[in-house]
*Asks:* 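Input: one structure, supplied below.
For the numbers below, each heavy atom of this structure counts, side chains included, while hydrogens, waters and symmetry mates do not.
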2 protein chains.
Amino acid sequence: MVTIKEIAETVGVSIATVSRVLSNSSYPVSQDTRARILQVAQDLGYSPNLAARSLRTDQSTLIGVILDNFTSSWAPIIIRGLQDVFHRRGYFSLVVNMPWEIHSQSDVVQNLLGHSVDGFVFVETWHTVSERKDLLNTKPYVTVHRLFHEPDPYSVIPDDVYNSSLTIDHLTKLGHKRIAYIAGHEAYFSSEERLTGYKQSLEKAGLSFDESLIYRGNWSVPSGYQCTQELIQKSELPTAIAAANDQMAIGAILAVQEHGLRVPEDIAIVGYDNDEIAQISNPTLTTVQMPLFKMGQIAAENLLCQIDKKPCETTEQLIKGDLFVRQSCGDPQGKDIHASDFMREGNGAFVNRHTLKEDT
Amino acid sequence: MVTIKEIAETVGVSIATVSRVLSNSSYPVSQDTRARILQVAQDLGYSPNLAARSLRTDQSTLIGVILDNFTSSWAPIIIRGLQDVFHRRGYFSLVVNMPWEIHSQSDVVQNLLGHSVDGFVFVETWHTVSERKDLLNTKPYVTVHRLFHEPDPYSVIPDDVYNSSLTIDHLTKLGHKRIAYIAGHEAYFSSEERLTGYKQSLEKAGLSFDESLIYRGNWSVPSGYQCTQELIQKSELPTAIAAANDQMAIGAILAVQEHGLRVPEDIAIVGYDNDEIAQISNPTLTTVQMPLFKMGQIAAENLLCQIDKKPCETTEQLIKGDLFVRQSCGDPQGKDIHASDFMREGNGAFVNRHTLKEDT
DNA sequence: ATAATAATAGAAAACGTTTTCTGTGTCAAT
DNA sequence: ATTGACACAGAAAACGTTTTCTATTATTAT
């Protein structure tokens, strides 16, 4: 590896001047020598030893990213959003999976601090604010899609209330008056928010809230299936079922179809997340998508803002999502559609994880 | 941050001795002082400044991980496997998404080298061997699940031939004699390997290979759907369809069902990958799973082996997968099963990305 | 003309480690 | 008794930067 010393020798100048040019400090260096140094650095293929720089400046251009579950369908997209900003600004991220079970263990974070990371991002984690503060030891941080109930000033979260009501509004506009709701696990912050969105939409539509139409799943397909089984056993059927995520909505579809009922003709169904399965299920699923990539970007901007000690957003940022209308609620125009219509549109309309568009 | 100097002062000893103890060098230090230093380090909450260590030793305990697509369904699992080993050995990884389009740009790698990473992992990338060597500048590397045709000595890849024939063998054992095959995109190494597995299985079962039963998709659901449409239009129907991945298998199911045919009664279908959808589709999909987590682990072991300059595997390592028998080929015992049976088994049997078991 | 300031650049210190070099004192072997 | 080996420990150099301090020259303001 070529060092500034070598450059200094070839140019015939002190290492101080080379450093001043290459680390583009504000210190005045003559146009002539600046140009010569830049040229030689280029020729020799110089790239700075970041360990040395870090040692001297106590800045590493490294960010610690801590995840609850790397293999969730959201986390990778959020990370892409984060890295989109980080890489553009010359930062790399140390991504560490740190699931619920080991949240108490702080040695990982200790180790990250040893690498003198400049800040932290918590993605979908369960940490409490004080736990984070303890761990981080005054290093700036930001959270994305926090799962816990406790609010956090530096947090970027989906506007679950709004997003949820997007789906319910869609149903009420189609004339549904009796809408069952399969909520997520109550330990999750998002569950309660989405339920609130449901309630608000009902109120907006002048419908009364009926506790007996609320079921509790645990996000999984089987739990959606089981809730729907219970629901069907009861006396009066709803005309629509909204689920707090796509997985449970899929479970609901399977249960409904098993009883010889049709989706959407007999019962309409909406989900939440726009997971890949929403495009593959039969019928395809109307759902709402959180702008995960954008959330990552915003979080990264905020963190870098803190690191640069510039004035920046210090309140939770709620990000709105978009409704994806597919087949599971019927066509708003009353047109009859089939699962295969979707396929016929060709690849363009079909987005999977392999062809993910991120800048939406 | 507390330094070895502070420890040295409190203990009343030179920084050299402290260093020798804390970096557990083989240099002799008396039991007494060793214990005292360890104690004080513990009390003060010492954690080494890794930038300084890196500067001195030219080892960073950092690994560069370069991915083609972070948001694929495999990559995160592979990364978990890698990190499982890395973290245990005190290494962190700088994970960088570097898709096909920017493969020529080497500034990212330059930057990683600036961080003096100790080695590289390429996950699902398209780089040629010489491209990698150029980029890396003698740093050790290993590839996991390479997508390109060119072989690479330090590579951990699924045994696609074997895995593919697992699915075809399953079909032939069930008595199928006319099996159509939807291959993947030919640019991918895996496509040809899986096709080879198909051919080998036919031969094993004494069936002749029929070129007209081979279709080419591009891994997507719609492409599987379209291939199957073509296939159905032709004169004689096959009794089974095997697809080179689950997505295309799902497309096949949709197309078959659209024509009023039943899966598996009229046409059996198998996939490849054991994606999450394989459990959710109706019928659920018989498929084969690559041990991605394990592949990551093996790759990490190999890389650390190279870094430690110990003798290690220098040929491609082929990893075998496992068959997951579900509903889409019918039950081998002739029992009749329904989509909902699967749900009734409860959550235990159902594994999604949220409840992923990694040590399989 | 002179003092004050600005532009420019080198010397050297500093960041926190590891490791070489140099020294002690102890012990066993001659 | 002297040598050699060994266990132990401190001093100091080194890693590649950035930055403070100091010095020289050129420019400007009086």
*Asks:* Rounded to the Å, how far apart are B/Ile7 CD1 and C/dT17 P?
*Replies:*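 One finds 8 Å between P of C/dT17 and CD1 of B/Ile7, rounded.
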*Asks:* Any idea which of D/dG10, C/dA7, D/dT18 is nearest the A/Pro28 side chain?
*Replies:*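 Nearest listed nucleotide: C/dA7.
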*Asks:* Checking A/Phe70 against B/Phe70 for the ring-ring contact (aromatic ring centres under 6.0 Å, His included) test, could you report, in this order, the C-alpha distance in whole Å, the side-chain angles of both residues, the deciding distance, and whether it holds?
*Replies:* CA-CA 11 Å; A/Phe70 208 167; B/Phe70 208 166; 5.7 Å; yes
*Asks:* Nearest-Å distance, CD (A/Gln59) to C1' (D/dT17)?
*Replies:*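 Taking CD of A/Gln59 and C1' of D/dT17, I get 13 Å after rounding.
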*Asks:* Please tabulate the protein-to-nucleotide N/O contacts below 3.5 Å involving nucleotides 19-23 of chain D, giving atom names and distances.
*Replies:*
{"from": "D/dT19", "atom 1": "O4'", "to": "A/Arg56", "atom 2": "NH2", "distance (Å)": "3.4"}
{"from": "D/dT20", "atom 1": "O4", "to": "A/Arg20", "atom 2": "NH1", "distance (Å)": "3.1"}

*Asks:* Which heavy atom of B/Asn69 sits nearest to which heavy atom of A/Arg80, and what is that distance?
*Replies:*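 Result for this residue pair: OD1-NH1, 3.5 Å.
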*Asks:* Is the backbone of A/Ser14 close enough, under 3.5 Å, to the side chain of A/Thr17 for a donor and an acceptor to pair up by distance?
*Replies:*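 At least one qualifying donor-acceptor pair exists.
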*Asks:* Using ring-ring contact (aromatic ring centres under 6.0 Å, His included), reason through A/Tyr188 and A/Trp126 one step at a time and then give a plain yes or no.
*Replies:* CA-CA 9 Å; A/Tyr188 288 76; A/Trp126 285 86; 4.8 Å; yes
*Asks:* Answer whether the closest heavy-atom distance between the side chains of B/Ile319 and B/Val156 falls below 4.5 Å.
*Replies:*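 The answer is yes; the side chains approach within 4.5 Å.
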*Asks:* Do you know which two heavy atoms are closest between B/Pro76 and B/Ser72, and how far apart they sit?
*Replies:*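 Answer, listing the atom of B/Pro76 first, then B/Ser72: CD-O, 3.1 Å.
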*Asks:* Rounded to the nearest angstrom, tell me the gap between atom CG in A/Leu22 and atom C1' in D/dG16.
*Replies:*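 The distance from CG of A/Leu22 to C1' of D/dG16 comes to 12 Å, rounded to the nearest Å.
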*Asks:* Just do the ring-ring contact (aromatic ring centres under 6.0 Å, His included) check on A/Phe148 and A/His127 with the steps written out, would you?
*Replies:* CA-CA 7 Å; A/Phe148 198 54; A/His127 292 270; 9.9 Å; no
*Asks:* Between the two end axes of the helix from C/dA1-D/dT30 to C/dT30-D/dA1, each built from 5 base pairs, what angle do you get to the nearest 10°?
*Replies:*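 Inter-axis angle at the termini of the helix from C/dA1-D/dT30 to C/dT30-D/dA1: 50°.
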*Asks:* Let me know the distance between CD1 of B/Ile4 and P of C/dT18, rounded to the nearest Å.
*Replies:*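 The distance from CD1 of B/Ile4 to P of C/dT18 comes to 6 Å, rounded to the nearest Å.
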*Asks:* With sequence neighbours left out, which residue pairs that include part of residues 25-38 of chain B fulfil the salt bridge (Lys or Arg N to Asp or Glu O under 4.0 Å) condition?
*Replies:*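 For residues 25-38 of chain B, and leaving out neighbouring residues, the salt bridge (Lys or Arg N to Asp or Glu O under 4.0 Å) pairs sorted by first residue read B/Asp32-B/Arg36.
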*Asks:* Going by heavy atoms closer than 4.0 Å, what residues in residues 30-50 of chain A are next to DNA chain C?
*Replies:*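 Residues of residues 30-50 of chain A that come under 4.0 Å of DNA chain C are, in numerical order, A/Ser30, A/Thr33.
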*Asks:* Would you list the pairs meeting side chain to side chain donor-acceptor pair (under 3.5 Å) in which at least one residue belongs to residues 58-67 of chain B, sequence neighbours left out?
*Replies:*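 Checked against side chain to side chain donor-acceptor pair (under 3.5 Å) - neighbours excluded - the pairs reaching residues 58-67 of chain B are B/Ser60-B/Asp118.
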*Asks:* Whole angstroms only, please: what is the CG-P distance between B/Asp58 and D/dG16?
*Replies:*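 In whole Å, D/dG16 P lies 8 Å from B/Asp58 CG.
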*Asks:* Only distances under 3.5 Å count here; give the side-chain donor-acceptor pairs of residues 87-94 of chain A to other protein atoms, sequence neighbours excluded, each with its distance to 0.1 Å.
*Replies:*
{"from": "A/Arg88", "atom 1": "NH2", "to": "A/Asp84", "atom 2": "OD2", "distance (Å)": "2.8"}
{"from": "A/Arg89", "atom 1": "NH2", "to": "A/Asp308", "atom 2": "OD2", "distance (Å)": "3.1"}
{"from": "A/Ser93", "atom 1": "OG", "to": "A/Gln83", "atom 2": "NE2", "distance (Å)": "3.0"}

*Asks:* Closest heavy-atom contact between B/Ser155 and B/Arg146?
*Replies:*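 Answer, listing the atom of B/Ser155 first, then B/Arg146: OG-CD, 3.4 Å.
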*Asks:* Round to a whole Å and report the spacing from CD of B/Glu9 to P of C/dG16.
*Replies:*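 One finds 12 Å between P of C/dG16 and CD of B/Glu9, rounded.
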*Asks:* Round to the nearest Å and state the distance from A/Leu55 atom CG to D/dA14 atom C1'.
*Replies:*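 So the CG-C1' distance, A/Leu55 to D/dA14, works out to 12 Å.
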